[in-house]
Amino acid sequence: MKLWLSAGVVTLISWLMKASAPLVIGGRKLPPTVLRLTALTAPVLLAGLIVTELGGEHWQELDWTKLVGVGAAGGLTLAKVPMLLAVAGGIVVTALIRLVLR
């Protein structure tokens, strides 16, 4: 029971924190510097997630084939290839590297 109560309290606090920014800022416009920094947070968080998922805390166990596959999918995405094909391309690159190297 205490676990569910604490989870509910943390959820409520999280919602209140997320709702506080629009309430505080209201209809005011943010400075251009803040907008640029805010726009950069998504790519940085995504890069951190990718590094954490691929390598984690143990860099000795890093699977370089996955890293190359993610890089290939990212490159295809930058080349304006549809997302499904970019992901498929990353999978194919990873599989081919594993086939050749192992």
Residues forming a side-chain contact (heavy atoms from CB on, under 4.5 Å) with Met83, sequence neighbours excluded: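 Per chain and number, Met83 pairs via side-chain contact (heavy atoms from CB on, under 4.5 Å) with Thr77, Val87.
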Heavy atoms of other groups near Leu101 CG, more than 12 under 6.0 Å: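 Yes - once you tally the heavy atoms of other residues, nucleotides and ligands closer than 6.0 Å, there are more than 12.
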What donor-acceptor contacts under 3.5 angstrom involve side-chain atoms of residues 1-9, with partners at least two apart or in another chain?
| from | atom 1 | to | atom 2 | distance (Å) |
| --- | --- | --- | --- | --- |
| Ser6 | OG | Lys2 | O | 3.1 |
| Ser6 | OG | Leu3 | O | 2.8 |

Taking distance alone, no hydrogens or angles, what donor-acceptor pairs closer than 3.5 Å link side-chain atoms of residues 89-97 to residues at least two apart or in another chain?
| from | atom 1 | to | atom 2 | distance (Å) |
| --- | --- | --- | --- | --- |
| Thr94 | OG1 | Thr65 | O | 3.4 |
| Thr94 | OG1 | Gly90 | O | 2.9 |

Hydrophobic cluster partners of Leu85 (side-chain heavy atoms under 4.5 Å):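 So far as hydrophobic clustering goes, Leu85 is joined with Leu76, Val81.
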What side-chain donor-acceptor pairs closer than 3.5 Å can you find for residues 30-50, not counting sequence neighbours?
| from | atom 1 | to | atom 2 | distance (Å) |
| --- | --- | --- | --- | --- |
| Thr33 | OG1 | Arg36 | NH2 | 3.4 |
| Thr38 | OG1 | Val34 | O | 2.6 |
| Thr41 | OG1 | Thr38 | O | 2.7 |

Residue pairs fulfilling salt bridge (charged side-chain N to carboxylate O under 4.0 Å, His left out) with at least one residue in residues 76-101, sequence neighbours excluded: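 Only Asp63-Arg98 qualify under salt bridge (charged side-chain N to carboxylate O under 4.0 Å, His left out).
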Output a table of donor-acceptor pairs, distance under 3.5 Å, between side-chain atoms of residues 15-24 and any protein atom two or more places apart or on a different chain; print 'none' if there are none.
| from | atom 1 | to | atom 2 | distance (Å) |
| --- | --- | --- | --- | --- |
| Ser20 | OG | Met17 | O | 2.7 |

